[in-house]
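Working notes for the structure below.
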Amino acid sequence: MDAFLVALLNGLVYGLLVFMVSAGLTLVFGMMGVLNFAHASFYMLGAYAAFLSGRYVGFWGGLVVATLAVGLVGLFSERLLLRKVRSFGHTQELLLTYGLFFMIEEVVKLLFGPTPVAYRVPDELRFTAFTIGNSQFPFFRLLMGATALVMFFGTFAALRFTRIGLIVRAAVERPQMVSALGHNVPIVFSGLFAVGSALAGLAGAVAGMYYPTSPAMAHELGSIVFVVVVIGGLGSLNGALAASLLIGVMTSFAVGIESTFGDLFRALGLSGLALPGLEAVQFSSIAGVLPYALMLFVLLWRPAGFAGNRA
Amino acid sequence: MPPQEQSPRSSARVTVVRILPIALVLGALIGLPRFADMAFLNAMVMVCIAALYAMGYNLLWGQAGLISFGHATYFAFGASCTIMTMAAIEGGSSFPTPLLPLAGGAASFLMGLVAGWFATIRTGVYFAMITVAITELVRAIVQRWDSMFGGEAGITSIRMAWGPIGFQKLLDVYYFTLAWTIIGILLLWFLQRSPLGTVIRGIREQEERVRFLGYDTHALKTLVFAISAGVSGMAGGLLAFTNESTNVALYEGAYSTTVLINTVIGGAGVFLGPVVGATLTTLFGYYVANLTYYWLLYMGLLFMVIVVYAPRGISGLGVDAVRRLRSGAPVRWDLLGRFALGWLVVTIGAIMTIELIGAVVQPSYGALARSSGVAWPPVRVFWVSWSPASPLTLGGIALLFGLGAVLLRDTAGTASRNVSTLADAIAGKPGPGV
Amino acid sequence: MTAPASGQGPVLVLENVAKRFGPIEVLAGINLQLNRGEKRALIGPNGAGKSTLFNLVSGRFAPSSGVIRLGERRIDGMPAHQLNRMGLSRSFQITQVFGGMSLYENIYMAVMSRYGKRWSFLRTGRVWRDIAEQTRELIAYAQLTSLADRQASTLAYSEQRALEICMTVATGPDLILLDEPTSGMSRAEAANMVAFIGRMTQGRTLLMVEHDMDVVFGLADTISVLSQGQILATGTPAAIRDDTRVQDAYLGGNVH
């Protein structure tokens with residue numbers, strides 16, 4: 001039972017982290033139809049920015065600097081690059097963000113090398129928040145989850161209760177109409193793009209301490225985020241939240257299972273079916289496969305995703 | 001391309017104009033081993049493989065309008081299955097060695113049928129994301145299934161002789177690869193010209209219309225995906241055949257990125273565009289990769305420049321230029337020269353910047369600075385030692401960028417304009433908004 | 001041109017067809033029957049559910065309840081390509097032609113599908129000569145021969161509309177659905193279009209949605225009036241013109 005609770009909490013924290021990154025991506029897409037391939041790169045940049053600035057301004061200052069810096073990078077990418085290719089259509093925008101994704105990884109490799117940097121949880125934060133039975137739940141994980149929750153409610157409140165939020169929500173539904181009503185959609189979009197990037201940066205700054213901070217982290221999280229968006233439906237925050245949490249919890253539980261495929265085959269009475277070497281593979285080692293398998297299943301069962309049929 | 005009313009005579013001339021360069025290139029490729037050294041021949045083998053891979057990839061993009069961001073899977077799977085077949089031949093199987101790429105192609109075709117069926121359930125960016133996810137899925141499985149795919153160490157085998165052909169000399173490998181590349185490209189050419197090719201282009205333009213004409217577009221897109229995967233798998237098979245080994249690193253994102261970059265640089269809209277891109281980047285990579293650590297970064301920069309300034313790639317620029325020349329527009333050599341010079345200057349500036357920063361951030365540079373007692377030890381770029389922090393160096397780089405900006409000032413705003421307008425400007429035609 | 005497949009009984013039957021989008025009921029229990037050779041126009045005030053009904057029949061959506069039959073077979077919820085193979089073809093309100101291809105290729109593709117050549121890699125055999133011949137004949141019949149080699153995107157709007165109709169007919173359907181075939185056209189163009197459609201759909205069964213009453217009276221021999229998700233009246237143009245309920249429905253929409 002304790003193990004169950006711990007796995008559940010870990011899964012929720014990871015899911016919330018994934019959601020932090022997915023939220024910006026899905027809002028930007030909903031509003032402008034741009035799938036930002038580089039979104040997860042902003043997450044990686046957040047970790048590096050916090051690592052770099054943390055030496056001078058301390059841990060908490062690092063979080064703030066990372067958020068702001070990545071927000072600025074996002075703003076510049078949108079205004080200086082993305083806007084240039086807008087008239088060529090969505091394909092060119094997609095390619096541009098893909099190029100950005102590639103370039104950010106290469107620049108980070110140039111500056112920091114291809115291997116992880118030593119971005120660690122500061123000592124004063126290395127304590128146990130609470131214990132469940134024999135398992136200790138570190139404060140730091142709690143902080144990650146809390147950041148994501150604050151961000152979620154913050155975004156939700158901003159979208160729900162502010163004028164800008166109203167415009168953004170309307171623009172996600174009908175960009176031309178909002179533009180026709182006299183709102184400056186390009187400015188709102190730049191702002192949204194910057195905020196989305198900043199949130200990804202914050203997520204990276206928090207997560208980079210726990211997971212290795214390396215150039216590969218963009219690619220690793222990026223593909224999970226895509227799965228979330230395919231499952232949840234682009235433009236839908238609720239769908240993204242549901243999919244993120246589902247994937248987080250599912251992965252977390254799979255990691256805890258100690259059986260192998262051989263056990264499964266035997267349990268199903270299929271021990272004759274020996275695929276070479278698959279018998280000895282543990283379920284936990286393929287936990288990373290689950291999100292993608294889930295995506296294929298959802299595509300079969302509900303091609304338009306959890307929420308909505310915006311294509 | 002808009003079909004133009006042509007008299008039979010002029011269409012015959014057009015055929016000659018089209019066939020002649022291809023025949024010349026083919027002749028050069030066949031005669032190449034007489035002149036080239038081993039290293040260049042080796043590079044050309046890689047060019048063939050990259051070209052076939054890009055052509056297979058571009059079937060999906062150029063014809064069906066679907067951009068895959070995870071094609072490495074089919075390339076790598078073709079390589080894996082070919083090496084397994086090679087191992088089987090080594091073990092006594094009677095599978096004919098010359099048909100090895102077909103083994104890889106068939107395997108990737110089958111995998112493409114399954115993956116493509118899922119990916120083409122959705123369109124647009126969803127398709128793009130699903131291709132990424134499927135690649136991750138396959139990679140996660142392959143990298144853990146060592147007994148089948150050989151893990152990090154990979155699988156090795158050897159090319160067994162077939163009849164009189166030994167396949168041991170590089171020359172044999174070169175001709176073998178060239179032959180299969182040409183076969184693959186011809187296959188794609190006939191597919192494009194076939195009735196099926198017409199329907200596929202129809203799907204790209206108006207999918208719903210095609211559906212309401214009675215075509216099952218999901219099935220057709222699945223088939224196109226599978227053929228694209230199959231040709232990519234053939235290319236992967238050629239790689240396995242050439243290297244006599246594969247490993248799971250082939251399944252990584254880098255191989256999906258390369259083919260995408262090759263296609264964009266070459267131009268997805270022209271049939272042989274991807275070949276142009278693949279040839280350029282592979283040859284450049286072959287020679288330049290030894291000179292710099294940051295080869296990939298330069299590739300990324302080139303990619304971005306092409307995306308922003310020449311969305312139809314190099315071959316698109318070429319097609320535009322040819323059309324313009326035919327239409328009798330005068331060539332504005334002064335403008336053209338200014339653009340060329342401008343880009344040259346900016347490129348030199350960019351290389352200086354990247355190489356200097358790259359050298360300075362190395363840990364070894366810090367160690368050198370401490371041991372030598374000099375704060376900024378000199379760095380060699382372009383056969384000259386530069387002091388990274390000296391005003392001369394920094395000022396020089398700033399000057400290069402400034403000069404580039406002046407020379408290219410007309411292009412600064414182009415981005416928001418259309419590239420053809422820019423081309424019009426070069427050709428001396430007044431265009432809208434110039 | 002081959003004649004439409006002969007057969008007895010109605011071509012299209014709708015029984016109690018309803019469609020809800022969430023809580024909103026757009027269509028409530030539609031019953032409709034089209035006989036062979038009939039040309040039916042669907043009219044009604046905006047928001048009456050014409051487009052929805054049209055999309056249900058043409059396979060864009062599945063109905064929430066009810067049965068749709070094409071000839072003997074149920075077609076509700078069937079994907080578009082199968083519907084077409086069973087003899088139902090539609091045009092689009094927003095022109096959907098293949099702009100990058102020639103007019104000839106556009107129609108060629110439709111004829112190819114009719115001959116079942118939907119997967120062909122090779123162009124060998126007699127059938128391909130027939131397909132080419134059919135394509136040329138159809139283009140000649142439509143009096144578009146002079147435009148055959150023109151790229152579709154370079155055609156004038158009314159020519160593209162004509163091409164669209166031509167493609168719709170080219171798959172050899174039993175039932176043709178036309179979605180506002182004259183939308184966006186001038187009076188003169190619309191009049192030409194009416195004549196064109198009349199010629200192209202001679203002897204075939206037609207169901208269309210149209211706003212322009214001149215077009216409706218020029219093409220249709222029966223009219224169904226849709227109002228608030230239900231069929232208000234069906235009858236000959238003269239009968240519909242005199243129907244007081246129809247007048248109320250239209251006038252009721254205009255008088256406040």
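Numbers restart at 1 for each chain; the letters A, B, ... are given by sequence-line order, proteins then strands.
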Next item on the list: Pick one of side chain, backbone, both or neither for C:S120, based on which atoms fall under 4.5 Å of a heavy atom in chain B.
Entry: both
Check: Does any non-hydrogen side-chain atom of B:E208 lie less than 4.5 Å from one of C:F92?
Finding: yes
Check: Would you say the side chain of B:R209 lies within less than 4.5 Å of the side chain of C:T168, judging by non-hydrogen atoms?
Finding: yes
Checklist line | Atom pair CG/CZ of B:L223 and C:F121 - distance to nearest 0.5 Å | finding: 10.0 Å
Notebook entry, point to check: Are the side chains of C:F98 and B:T198 in touch, meaning some heavy atoms are under 4.5 Å apart?
Noted result: no
Check: How far apart are the closest heavy atoms of C:R118 and B:L220, and which atoms are they?
Finding: O-CD2, 3.6 Å
Next item on the list: For residues B:G214 and C:S113, report the shortest heavy-atom separation together with the two atoms involved.
Entry: CA-OG, 3.8 Å
Checklist line | Nearest atoms (heavy-atom pairs only) where C:W119 meets B:L196 | finding: CA-CD1, 4.1 Å
Next item on the list: Say whether, by atom type as modelled, one donor and one acceptor occur between the side chain of C:R123 and the main chain of B:R193 under 3.5 angstrom.
Entry: yes
Check: What is the minimum heavy-atom distance between C:T95 and B:Q206, and which atoms define it?
Finding: O-NE2, 4.4 Å
Note to self: A side-chain contact here means heavy atoms from C-beta on lying under 4.5 Å apart; do C:M109 and B:V199 qualify?
What the structure shows: yes
Next item on the list: Search all heavy atoms of C:H81 against all heavy atoms of B:Y215 and return the closest pair with its distance.
Entry: CB-O, 3.1 Å
Check: Can you say whether C:I131 sits under 4.5 Å from chain B via the side chain, the backbone, both, or neither, judging by heavy atoms?
Finding: neither
Notebook entry, point to check: Can you tell me if CG on B:L186 sees more than 12 non-hydrogen neighbours from other groups inside 6.0 Å?
Noted result: yes
Next item on the list: Any chance you could lay out the side chain to side chain contact (heavy atoms under 4.5 Å, CB included) test for C:M112 and B:L213, step after step, and finish with the verdict?
Entry: CA-CA 9 Å; C:M112 238 163 71; B:L213 288 178; over 6 Å; no
Notebook entry, point to check: Considering only heavy atoms from C-beta outward, does the side chain of B:D216 approach that of C:R85 to under 4.5 Å?
Noted result: yes
